[in-house]
Amino acid sequence: MVKKVEVFTSPSCPHCPAAKEVVELAKKELGDAIDVVYYDTMTSEGRDKAISYGVMYVPAIAIDGVIDFVGAPALPELIAKLQ
């Protein structure tokens, strides 16, 4: 079963690039087992989606509709959640 990973970021966030990088590394390792979607909270779509999840801080990472990480997790921690 494919896991849906949603990453909430903001252009001014200094920690968001690290979160994006770790998700991309997980995607390289897990391939088609995960589907990744990025949301920029400065856009109306990203802001609406973040509000629906109750996201208060970025970066935030949701897995299958549940916020699992606020901040950039370590790759092993993210992989463990995704398997």
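Fair warning: this is a prediction, and the values are worked out from it, not measured in the lab.
Residues I51 and Y39 fall into different hydrophobic clusters, defined by Ile, Leu, Val, Met, Phe, Trp and Tyr side chains chained together at heavy-atom separations under 4.5 Å. One hydrophobic cluster, built from ILVMFWY side chains closer than 4.5 Å, holds both Y38 and I34. V70 and V23 sit in two unconnected hydrophobic clusters of ILVMFWY residues. Membership requires side-chain heavy atoms under 4.5 Å apart, directly or through other members. When hydrophobic clusters are built by joining Ile, Leu, Val, Met, Phe, Trp and Tyr residues whose side-chain heavy atoms come closer than 4.5 Å, directly or via intermediates, I79 is grouped together with L25. Hydrophobic cluster membership is shared by V22 and F69, with clusters built from Ile, Leu, Val, Met, Phe, Trp and Tyr side chains linked at under 4.5 angstrom.
In terms of heavy atoms, A60 sits closest to V55 at CB-CG1, 4.0 Å. When every heavy atom of P59 is checked against every heavy atom of A19, the shortest pair comes out as CB-CB, 3.5 Å.
For the atom pair CD of E24 and CD of E29, the computed distance is 13.0 Å after rounding to the nearest 0.5 Å. Between atom CD1 of residue I67 and atom OH of residue Y57 there is a gap of 13.5 Å, rounded to the nearest 0.5 Å. Annotation: the span from L75 atom CG to E21 atom CD amounts to 9.5 Å, rounded to 0.5 Å. To the nearest 0.5 angstrom, D64 atom CG is 9.0 Å from E6 atom CD. One distance of note links CD of E77 with CG of L82; it measures 11.0 Å at 0.5 Å rounding.
Under the 6.0 Å cut-off for aromatic ring centres, F8 and Y53 qualify, their centroids lying closer than that.
Checked for salt-bridge contact, K81 and D68 meet the test: a charged N lies under 4.0 Å from a carboxylate O.
Counting only distance, with no hydrogens or angles, the side chain of D40 and the backbone of G46 share no donor-acceptor pair below 3.5 Å. Not one N or O on the side chain of K3 forms a donor-acceptor pair closer than 3.5 Å with the backbone of A33.
Each of R47, H15, M42 was evaluated against S10; a single residue qualifies, M42, per the side-chain contact (heavy atoms from CB on, under 4.5 Å) test.
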List the steps and the verdict of side chain to side chain contact (heavy atoms under 4.5 Å, CB included) for V37 and V5. CA-CA 6 Å; V37 180; V5 178; over 6 Å; no
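Within the 4.5 Å cutoff, side-chain heavy atoms of I63 are placed close to those of L78.
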